[in-house]
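Whatever order the structure lists ligands and atoms in, that order sets their numbers, starting from 1. The figures here come from the full heavy-atom set of this structure, side chains too, leaving out hydrogens, waters and symmetry mates.
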Amino acid sequence: HADTAMYHAKFLGRNNAQFYSPSLTHEAMRRLNMESDLRRALEAQEFFLVYQPQVDLQTGKIHSVEALIRWRHPQQGLISPAEFIPLAEGNGLIVPIGEWVLRMACQDAARWQAMGLPLAMAVNLSPVQFRNGSLTRKVRDILEDTGLGAEFLELEITETTLMDESMTTLQTLHELQELGVKFSLDDFGTGYSSMSYLTRLPLHNLKVDRSFVHGLPHDAGSLAIIRAIISLSESMGFTVTAEGVENLEQVKILMQQCCHTLQGYYFSKPVAAEQIPDLLGQNWDFDRLS
Ligand code: C2E
Ligand code: MG
Ligand code: MG
Ligand code: MG
């Protein structure tokens, strides 16, 4: 954005530059500060995780949760991952941050299992973590240290990771599959240029991007895309999760379409770890809807 500001300044001439640059500079400064604050945040223990339930449509029960990172900035309060994850990807900090997320999430999942709650854990991974080369070793160590079975870990990756043709990424994907962890493809439908990678790589689940769910029940285009994704998944042996489910109308349609897993504010917002055991008692009666 600093570059954009300069470009605008040059392009628009001196008078306009005076008008345009202060706000853009402010934004650029904020980012710069945020980046240096990000470097200290891990050590200062400013990150924490929240967990959002994923509900199995067959049983009406929570069968897994997704770990989502939060940053409590000492001055600015809560900062969204949508804002700081891209920064952390740009400067490589996503590698130690992502490792911290994995460890915390696996620890919590192992603790729940020890309480007799067999929840699976979904963790988001950045493409940058795959390029780093030591991901498999880290995942293996974390599973060993925490005692969590690999089959309970689901790694959420994006199309960017799958389309990265570097040897390190491809090899890491296959090594992790050998470990026995599962892969879920996040935000599906928002970024692909080719679907051939779906046949080449070890996927288990597709997560329909919430922009399509948002269109339900009224937008015919969104419904058509969701139906196509579910039918594609069925023939390829993947399960389907719909994210961003906010109301009962959406639940009904997704149920009619035989979606497997639902996630969204309708069921629960992401919550602190302590709240998860209580939520597990909930049972949604989907039969009543059909
Ligand atoms: P995502 O992995 O697609 O996660 C789903 C996002 O949708 C979360 O936003 C969640 O809070 C939000 N969400 C869930 N249900 C609803 C709903 O019903 N309506 C709406 N409008 N939103 C809903 P959040 O937590 O702000 O995370 C944003 C993104 O940041 C994530 O998207 C993911 O790409 C990234 N992210 C979060 N935590 C991590 C992490 O630990 N590592 C990495 N690499 N990325 C992360
Ligand atoms: Mg995700
Ligand atoms: Mg998503
Ligand atoms: Mg996302």
Handout entry: Name, closest N/O/S atom of D186 to the Mg ion (ligand 3)
Key = OD1

Problem - Metal proximity, E243 vs the Mg ion (ligand 3), N/O/S cut-off 2.8 Å - result: yes

Problem - ligand 1 versus I97: contacting region, heavy-atom distance under 4.0 Å - result: neither

Practice task
Measure the acute angle between the ring planes of F267 and F286, then classify it against the limits of 30° and 60° as parallel, tilted or perpendicular.
Solution key: perpendicular

Practice task
Using a 4.0 Å heavy-atom threshold (strictly under), name the region of E66 that reaches ligand 1: side chain, backbone, both or neither.
Solution key: side chain

Practice task
Sort out for me which residue in V101, V123, V50, L49 forms a side chain to side chain contact (heavy atoms under 4.5 Å, CB included) with L68.
Solution key: V50

Exercise for the section: With heavy atoms under 4.0 Å as the rule, classify the contact between T158 and ligand 1 as side chain, backbone, both or neither. Expected result: neither

Fill in the blank from the handout: Of V128, D186, V50, I157, the residue with the heavy atom nearest atom 1 (P) of ligand 1 is D186

Practice task
Assess whether side-chain contact (heavy atoms from CB on, under 4.5 Å) is satisfied between E159 and L185, documenting all intermediate values.
Solution key: CA-CA 7 Å; E159 290 166 280; L185 189 53; 4.1 Å; yes

Problem - The single option from D164, T136, N132 passing side chain to side chain contact (heavy atoms under 4.5 Å, CB included) against T172 - result: T136

Practice task
Return yes or no for this condition: an N or O of I69 is under 3.5 Å from an N or O of ligand 1.
Solution key: yes

Practice task
Determine, using heavy atoms of G98 and all atoms of ligand 1, whether some pair is separated by less than 4.0 Å.
Solution key: no

Exercise for the section: Using the six-membered ring wherever Trp is involved, compare the ring planes of F130 and F183 and label them parallel, tilted or perpendicular (cut-offs 30° and 60°). Expected result: tilted

Exercise for the section: Just let me know how R210 lines up against ligand 1, side chain, backbone, both or neither, with a heavy-atom cut-off below 4.0 Å. Expected result: side chain

Practice task
Under 4.0 Å, heavy atoms only, figure out whether ligand 1 is touched by the backbone of V101, its side chain, both or neither.
Solution key: side chain

Practice task
Answer with side chain, backbone, both or neither: which part of Q52 has a heavy atom less than 4.0 angstrom from an atom of ligand 1?
Solution key: side chain

Problem - Close approach, R70 and ligand 1, non-hydrogen under 4.0 angstrom - result: yes

Practice task
Using distance alone, decide if ligand 1 has a nitrogen or oxygen within less than 3.5 Å of any nitrogen or oxygen in Y265.
Solution key: yes

Problem - Aromatic ring proximity F47/F84, centre distance under 6.0 Å - result: yes

Handout entry: Under-4.0 Å heavy-atom contact with ligand 1, by part of K207 that carries it
Key = neither

Completion exercise
The atoms of ligand 1 lying under 4.0 Å from a heavy atom of P270, numbered in the order shown, are 11 (O)

Practice task
Taking only Lys NZ, Arg NE, NH1 and NH2, and the carboxylate oxygens of Asp or Glu, determine whether E35 and R39 approach each other closer than 4.0 Å.
Solution key: yes

Handout entry: Carboxylate-amine/guanidinium proximity below 4.0 Å for E154 and K207
Key = no

Exercise for the section: State plainly whether the residues R140 and E144 are in salt-bridge range, i.e. N to O under 4.0 Å. Expected result: no

Handout entry: Proximal heteroatom of D187 relative to the Mg ion (ligand 3) (N/O/S)
Key = OD1

Completion exercise
When every non-hydrogen atom of A105 is compared with those of A67, the smallest separation belongs to CB-CB, 4.0 Å

Handout entry: Under 2.8 Å: N/O/S of D209 next to the Mg ion (ligand 3)
Key = no

Handout entry: Atom NE2 of H73 with >12 non-hydrogen neighbours under 6.0 angstrom
Key = yes

Problem - D141 and K138 ion-paired at < 4.0 Å - result: no

Fill in the blank from the handout: All heavy atoms of L119 vs all of S64, minimum pair found to be CD2-N, 3.6 Å

Exercise for the section: Report, rounded to 10°, the angle at the Mg ion (ligand 2) between the two atoms OD1 (N124) and OE1 (E156). Expected result: 90°

Practice task
Decide whether an N or O pair under 3.5 Å exists between D187 and ligand 1.
Solution key: yes

Exercise for the section: Find, among atoms of E66 that are N, O or S, the one nearest to the Mg ion (ligand 2), and state its name. Expected result: OE2

Problem - Proximal atoms of ligand 1 relative to E246 (non-hydrogen, under 4.0 Å) - result: 17 (C), 18 (O), 19 (N), 20 (C), 21 (N)

